[in-house]
Amino acid sequence: MSELGFAAVVLLLSLAVTYFFCLRPMRQDRCAMAGKASTGEQSHSTRNDEAEISRLREEVAALRGESLTHKSD
C-alpha cells in the first residue's frame, strides 16, 4: 500500500471513530465527555430527575407497606 493510501485509510478511520464515539452521542444528548450539567436546561432536567426519584422512592415505600399488611392478613 502506498504512503498516500495508508494516510487516507488512517484519516477515514479517525473520522469514523470521531463520529461514532463523539459526534453521534453528542447529537443524542448523551456525550460522556460533557461531564456534569452546565446549562440551565440540563440542571432543570437534573431537578426533574431528582423529583422523580423521590416520588418513586415514596411509591416503593408505600407498596412495601401494603405488601406487609397483606402478608399479615
J.: The criterion is salt bridge (Lys or Arg N to Asp or Glu O under 4.0 Å); which residues satisfy it with Glu50, sequence neighbours excluded?
T.: none
J.: Which Ile, Leu, Val, Met, Phe, Trp or Tyr residues join Leu56 in one cluster when any pair of side-chain heavy atoms under 4.5 Å counts as a link?
T.: none
J.: When rounded to the nearest 0.5 angstrom, what is the spacing between CD1 in Ile53 and CG in Asn48?
T.: 11.0 Å
J.: Which residues satisfy the side chain to side chain contact (heavy atoms under 4.5 Å, CB included) test with Arg55, sequence neighbours excluded?
T.: Glu52, Glu59
J.: Let me check something: do Met26 and Phe21 share a hydrophobic cluster, defined by ILVMFWY side-chain heavy atoms less than 4.5 Å apart, either directly or through other members?
T.: yes
J.: Applying side chain to side chain donor-acceptor pair (under 3.5 Å) as the test, list every pair that has at least one member in residues 10-28; sequence neighbours left out.
T.: Gln28-Arg30
J.: Does Phe20 share a hydrophobic cluster with Val17, counting links as ILVMFWY side-chain heavy atoms below 4.5 Å and allowing steps through other members?
T.: yes
J.: For Leu13, give me all partners under side chain to side chain contact (heavy atoms under 4.5 Å, CB included), at least two apart in sequence or on another chain.
T.: Val9
